[in-house]
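Reckoned from all heavy atoms, side chains included, excluding hydrogens, waters and symmetry mates. The chains referred to below are lettered A, B, ... by the order of the sequence lines, with proteins before strands, and numbering in each begins at 1.
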There are 2 protein chains.
Amino acid sequence: MAQTDTVTRILDTAEVLFAERGFAETSLRNITSKAKVNLAAVNYHFGSKKSLIQAVFARYLDPFTERFHAALDELEARYQGEVIPLEELLETMARCVLEVPAERNSLKVFMKLLGLAYSQAQGHLRRYIQEHYGSVFTRFAALVRQATPDLPDAERFWRLHFMLGTVIFTLSGLDALRDIAEQDYGEHVSVRELIRRLRPVVVAGMNAPLPQSTDDALPAAG
Amino acid sequence: MAQTDTVTRILDTAEVLFAERGFAETSLRNITSKAKVNLAAVNYHFGSKKSLIQAVFARYLDPFTERFHAALDELEARYQGEVIPLEELLETMARCVLEVPAERNSLKVFMKLLGLAYSQAQGHLRRYIQEHYGSVFTRFAALVRQATPDLPDAERFWRLHFMLGTVIFTLSGLDALRDIAEQDYGEHVSVRELIRRLRPVVVAGMNAPLPQSTDDALPAAG
DNA sequence: TAATGTTTAAAACAGATGTTTATAGCGACT
DNA sequence: AGTCGCTATAAACATCTGTTTTAAACATTA
């Protein structure tokens with residue numbers, strides 16, 4: 001079974017290098033040489049570098065969406081039409097996001113990749129993710145809407161993305177932050193502990209009072 | 001005054017292209033051709049592409065740190081040794097961050113660049129920024145510490161970065177989010193309004209209750 | 001005017017990039 | 001045995017990269 005071996009070895013190596021240096025900064029030769037695989041193997045098995053990148057994401061996101069849908073099914077069944085509390089929804093999402101990479105001990109890599117997907121993907125990746133995985137988020141957003149009936153739609157939309165930003169930004173830039181934290185406090189922070197710290201902040205952010213409708217004191221911006 | 005014109009034309013073009021596509025995806029030929037400047041001019045004036053990138057950041061960050069230090073001076077003088085309230089500190093920082101790009105109507109570009117600095121800078125840029133502008137953040141952090149005496153040091157450290165993540169992530173990925181928001185709500189969001197929305201969320205996050213010390217229900221993570 | 005230092009211009013450089021091709025190896029089935 | 005489909009290999013492809021070099025144009029100063 002040499003072919004499967006080659007494919008997974010390419011994926012395993014690619015995700016690590018992508019997470020470390022980014023997409024453009026990682027050449028196919030970097031990947032294939034480190035994976036001990038022929039250069040042409042990437043184009044043979046995946047077609048192009050773009051498709052490789054998408055495959056790297058799919059290997060995480062496909063199991064995630066499957067799990068997440070299942071978890072939401074279970075949640076809806078348990079609450080029998082009643083409104084699912086916000087904390088329960090957030091908790092469920094967090095659990096599903098963590099489970100998949102946890103099985104491969106690659107949470108750090110996965111988070112870095114998520115961060116890259118937002119910042120480095122001006123084109124194909126953003127489209128790919130939106131096309132393939134947008135529906136899960138839509139379903140989740142609808143449930144959050146029921147859980148926060150007092151929040152105006154637009155406000156909730158933005159707050160969800162604020163929270164997404166907090167989590168992805170933190171966990172994807174974790175290495176750099178951890179370095180600073182260690183040299184400041186001598187304390188080594190685990191991802192698990194970081195999530196414990198994130199939880200009350202995220203919940204408080206979602207439940208924050210509504211902004212005042214008028215605002216000055218800030219300069220105009222183009 | 002042809003030389004100044006060339007230099008600023010390079011910087012103006014470079015920052016836009018960097019913000020749009022990232023550093024590695026923007027070639028010097030892209031920059032110089034769009035700026036209607038000779039290719040060799042970049043290496044002549046800046047020495048290298050790396051230095052160009054740093055110069056692009058310096059053009060924002062130098063005025064920012066100057067302003068921010070001055071604003072903090074003024075704040076300390078006004079409060080005469082008394083503790084400066086947290087909201088005042090956050091407000092001041094926000095104002096300073098916004099003022100510089102506001103003068104050039106380039107807030108969007110600046111925020112994108114900040115996002116890139118976090119996610120794309122594995123090497124020289126992160127070092128450059130930390131070296132040149134780390135002291136302002138240290139000063140700010142010390143003031144925030146006085147403003148939040150009940151927060152453990154580590155907790156405050158992380159929450160500051162959580163909030164930084166929220167803001168940078170949101171404003172740097174603004175275009176993509178704005179597209180989604182518009183197609184969902186038909187509402188066009190200005191940066192100014194986004195900041196109005198961000199404020200209560202950030203404050204609530206900083207003031208969130210402390211996390212419980214033990215935690216289960218989440219899978220282990222490497 | 002002549003000389004000097006600075007900026008632009010065009011071409012060339014060596015190296016790296018993603019992708020393709022042509023060839024060989026291998027296992028399976030008729 | 002022989003053929004077919006799939007995979008691995010090595011070499012070559014054209015293109016793009018950042019950087020240098022050479023020469024010309026320019027402005028400034030003596």
Side-chain angles (χ1 to χ4, degrees), chain A residues 1-59 113 116-117 120-128, chain B residues 1-59 113 116 120-125 127-128:
Chain A
M1 222 169 269
Q3 121 253 20
T4 300
D5 197 50
T6 300
V7 168
T8 64
R9 214 158 53 216
I10 291 176
L11 286 173
D12 287 344
T13 311
E15 71 173 25
V16 170
L17 292 182
F18 285 155
E20 282 177 359
R21 332 182 196 172
F23 303 125
E25 294 87 348
T26 303
S27 72
L28 294 184
R29 285 169 177 82
N30 286 334
I31 297 171
T32 54
S33 71
K34 192 181 175 195
K36 290 197 211 308
V37 153
N38 190 271
L39 168 63
V42 170
N43 287 278
Y44 176 77
H45 286 287
F46 298 94
S48 67
K49 188 182 181 182
K50 283 184 183 179
S51 304
L52 206 214
I53 295 175
Q54 295 173 0
V56 164
F57 276 85
R59 204 161 58 136
L113 290 176
L116 288 179
Q120 284 209 354
Q122 63 282 53
H124 71 103
L125 225 197
R126 183 125 50 193
R127 250 173 287 141
Y128 176 83
Chain B
M1 226 177 273
Q3 119 255 18
T4 300
D5 197 48
T6 299
V7 168
T8 63
R9 212 159 53 217
I10 291 175
L11 286 173
D12 288 345
T13 311
E15 69 172 28
V16 170
L17 292 182
F18 285 154
E20 281 176 0
R21 330 183 196 174
F23 304 125
E25 294 86 349
T26 304
S27 72
L28 293 184
R29 285 171 178 79
N30 286 335
I31 297 171
T32 53
S33 71
K34 192 181 175 197
K36 291 195 211 304
V37 153
N38 190 268
L39 169 63
V42 170
N43 287 279
Y44 176 79
H45 286 289
F46 297 95
S48 67
K49 189 183 181 183
K50 284 185 183 178
S51 304
L52 206 214
I53 295 175
Q54 294 173 0
V56 165
F57 275 85
R59 203 160 60 134
L113 289 177
L116 289 180
Q120 283 209 355
Q122 63 282 51
H124 70 102
L125 224 197
R127 251 172 287 141
Y128 176 82

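Residue B/D5 contributes atom CG, which lies 9 Å from atom P of C/dT8 at whole-angstrom precision. One atom, CD1 of B/I53, and another, C1' of D/dT17, lie 14 Å apart when rounded to the nearest Å. For the pair A/N43 CG and D/dT9 P, the interatomic distance rounds to 15 Å; values are reported in whole Å. Computed from coordinates, the B/L28 CG to C/dG15 P distance equals 19 Å when rounded to whole Å. Note: OH (A/Y44) to P (C/dA24) measures 18 Å, nearest angstrom. With rounding to whole Å, A/I10 atom CD1 is found 8 Å from D/dA8 atom P. Counting to the nearest Å, the P atom of D/dT19 and the CZ atom of B/F46 are 13 Å from each other. To the nearest angstrom, P of D/dA25 lies 15 Å from CG of B/N38.
Look at A/S48 and you won't find any side-chain N or O under 4.0 angstrom from OP1 or OP2 of C/dG18. For D/dC16, the OP1/OP2 oxygens have no side-chain nitrogen or oxygen of B/S27 closer than 4.0 Å.
Salt-bridge formation is not detected for the pair A/D12/A/K34: no Lys NZ or Arg NE/NH1/NH2 atom is positioned less than 4.0 Å from an Asp or Glu carboxylate oxygen.
Closest non-hydrogen pair, A/R9 versus A/A35, comes out as NE-O, 2.9 Å. A pairwise comparison of heavy atoms in B/I31 and B/T13 identifies O-CG2, 3.7 Å as the closest pair.
Side-chain contact between B/Y44 and B/N38 is absent, with no heavy atoms from C-beta onward closer than 4.5 Å.
For A/H45, the side-chain atoms get nearest to D/dT7 when compared with the rest of D/dT17, C/dA9, D/dT7. Checked against D/dT21, C/dG18, D/dT17, the side chain of A/R29 finds its nearest nucleotide in C/dG18.
Nucleic acid contact for A/T32: none, since no nucleic acid atom lies under 4.0 Å from a heavy atom of the residue.
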